[in-house]
Amino acid sequence: MSNSVIYLDNNATTAVAPEVFEAMKPFLTTEYANASSIYPFASEPLHAIAKARGQMASLLGCTPEEVIFTSCGSESDNAALRSAVKTQTGRRRILTTAVEHPAILNTCRDLVKYAGIHVDYLSVDKFGRIDLDEAKALISEDTALVSVMFANNEIGNLYPIRELSRLAHAKGALFHTDAVQAIGKVKIDLANDLKDVDFLSLSGHKFHAPKGIGVLFKRRFAPFAPYLTGGHQEHQLRAGTENVAYIAGLGKAAELAAINLEEENTRVKALRDKLQDGLLATCPDAAVNGDLEHRLPNTVNIGFKYIEGEAILLRLWDRAHICASSGSACTTGSLEPSHVLRALGLDYKSLHGSIRFSLSHYNTEDEIDRVLEVVPPVIRNLRDLSPFGRITG
Amino acid sequence: MWDYTDKVKDHFQNPRNVGLLEDADGIGEVGNIICGDAMKLSVKLTEDKKRIADARFQTFGCASAIASASALTELLKGKTVEEAAKLTNQDIANYLGSLPEAKMHCSVMGMEAFQAALSDIRKKHPEYQLPGTNEPEGMDRVVCQCFNVTEGKIREVIRLNHLKTVEQVTAYTKAGGGCGGCRDEIQQILDNELAHEHLDNEAKAAQAQVATLAKSAAETVKENAGPLTPFQKMRLIQQVFDAEIRPGLKADGGDAELVDVNGDKVLVKLQGRCATCAIADKTIEHWIEAKLREQVSPAITVTQVQ
Ligand code: FES
């Protein structure tokens, strides 16, 4: 099946790279020792963890000691937010945005409910952009943490992390960024460019490592209270026996990401642009959602007016096994469209017909050509069924 | 993951009867583009205005909304208007095999579209004298502002689908699926409907019981080859009174007491709401009398005492 699939849903998850799988294998077979044991049989696992930590650090531009392995992006987000509330005694506010991932939004809600924290949400304009002046006005001596995503999963917007982290530090607040979507797609330089970032979350399965492994970057000297308490692992910052195979795989994925970063921003970006331009040229009443100037190179979100996302996706799968995603009500598992699209205040005519295509370097030009062939008739046909399709002809 | 039957997929991929009938007798439009699904149904009747000659749809919505609309048009074609007026959302779901519960509101939209088309025809052509639909009348108060769902719609869908929880009502009507502000009220409507259903069931059970009793009484009569003895008659009157008459009155907030039985003369005392309602008491007296005549003896007369 996977051979015939045209997979354009890489912001949801990615294929595990073959090299990553190879790097993991020994630790799922012969090298099964607990990395904390004292006999020489434990040296391979121990060595693999150290190596992965180094690979991860060099991708991020930090020191290996600043890399904490976790189980996923959501755990990293939880750890950063909950820790900040504990360590920043006396400060009772968190500042974040209306378009964050649920791992942030629901953790914030939890802290409001059980820790009495007050949360402020930065608004976004119709392109999904935030306003730095608003951020400046909202960060105060009472702010414990500012948490803003590096890149948005649905529309691909990149946010001004450097400026925001400086604003946070200027008021003595900690700064966290959920970089789950950015890793491997844009350069992240914690040593120079992003010196004011205290915490950063990422997740393996968004850049060709498996699901079930993540990282929390914690800057040296940034105050931290562990989220998962127990054993001494991860420099006593995150308990739990090291998941050696997945850590080794994550390290390999980080190494590959550094190598592929160039291609992401040239070939993959060109494919994305070809897809975007082609669809806009062949499908009337369609528009790109998001910030065209500051956007991930692999993502495009297009709103097709007068039709509904789930119907589009089901047809795309049926015609050519194309995988993409939608923020429409019927696909979010609720009765309302995604919170991101609503925060943009999109025209309701296109709100329900928004489709996100997200590429990876495994995508080929042939696939994009095929998508460009399949999508327009699907859109046309569904509009023929729609009572609104003919409004503008 | 999509959890659709082959029939749903088929009707989504190859929808039947798409379009708009230029010479339709009536058009039903439900839903809107803001809510995420909408449907426009056009219906044409036969010459004699007794049957559905043709039905066409246009739908904005997800796969199950499109499939439900397609199924509806197939179900409608050829039916008499009377039969069609009784179609429920369950009929649409059954036609498609099934729909995931979260998508049941699509089948409800289909039913609504036909109801709207029918009332459009009735409005345009009162001379056709078409029958009404399932929706309880006079309950057009909007309960869910987010999705514009009326009390009548909620009650109808609860009854037709035997819904028990607010979550189900949301899955079937969308009401409660937005801000959530109306959920308490939906719960109240549910409580109220469930109480009614309970009374209905009680009344039905009682009716069955009376039927058996009446049968056995009739058999006794046959066996004895003579009329009821005064004792048998009294007992039967008491039974019909307890099992049928009182539950019937209670469902409307009233009650009655059997005061005396003297031969064929029955004395009753009205209570509860019935006792204070001047217009109702004669009607009730007649109703009780009719019941007893039917089940016990045609000679019975009922008189009220204060
Ligand atoms: S009023 Fe019903 S969900 Fe908002």
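Keep in mind it's a predicted model, so treat the numbers as computed, not measured.
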Shortest non-hydrogen pair, Ala311(A) vs Gly61(B), comes out as CB-O, 3.6 Å
Please enumerate all residues that pass side chain to side chain contact (heavy atoms under 4.5 Å, CB included) together with Leu372(A), with sequence neighbours excluded. Lys274(A), Leu275(A), Leu279(A), Ile368(A)
Answer yes or no: are there more than 12 heavy-atom neighbours, outside Lys124(B) itself, under 6.0 Å from its atom NZ? yes
Per-residue contact mode, Thr170(B) against chain A (heavy atom under 4.5 angstrom): both
Tell me every residue that passes salt bridge (Lys or Arg N to Asp or Glu O under 4.0 Å) with Glu75(A), counting only those two or more places apart in sequence or in another chain. Arg238(A)
Heavy-atom neighbours of Asn32(B) CG exceed 12 at 6.0 Å: yes
Return yes when atom NZ of Lys164(B) has more than 12 non-hydrogen atoms of other residues, nucleotides or ligands closer than 6.0 Å, and no otherwise. yes
Is it the case that more than 12 heavy atoms not belonging to Glu47(B) sit under 6.0 Å from its CD atom? no
Within 6.0 angstrom of Phe21(A) CZ, more than 12 heavy atoms from elsewhere: no
Closest-packed option against chain A by number of heavy-atom pairs under 4.5 Å, given Lys40(B), Met39(B), Lys174(B): Lys174(B)
Just how far is it from atom CZ of Phe57(B) to atom CG of Leu385(A), taken to the nearest 0.5 Å? 5.5 Å
With a 4.5 angstrom heavy-atom cut-off, is it the side chain or the backbone of Leu314(A) that approaches chain B, or both, or neither? both
Using 0.5 Å steps for rounding, measure from the CG atom of Asp37(B) to the OG atom of Ser386(A). 11.0 Å
Derivation and outcome, side-chain contact (heavy atoms from CB on, under 4.5 Å), residues Asp318(A) and Phe12(B): CA-CA 11 Å; Asp318(A) 217 65; Phe12(B) 166 62; over 6 Å; no
Side chain of Arg315(A), backbone of Ala63(B): donor and acceptor closer than 3.5 Å? no
Using 0.5 Å steps for rounding, measure from the CD atom of Glu310(A) to the CD1 atom of Ile66(B). 9.0 Å
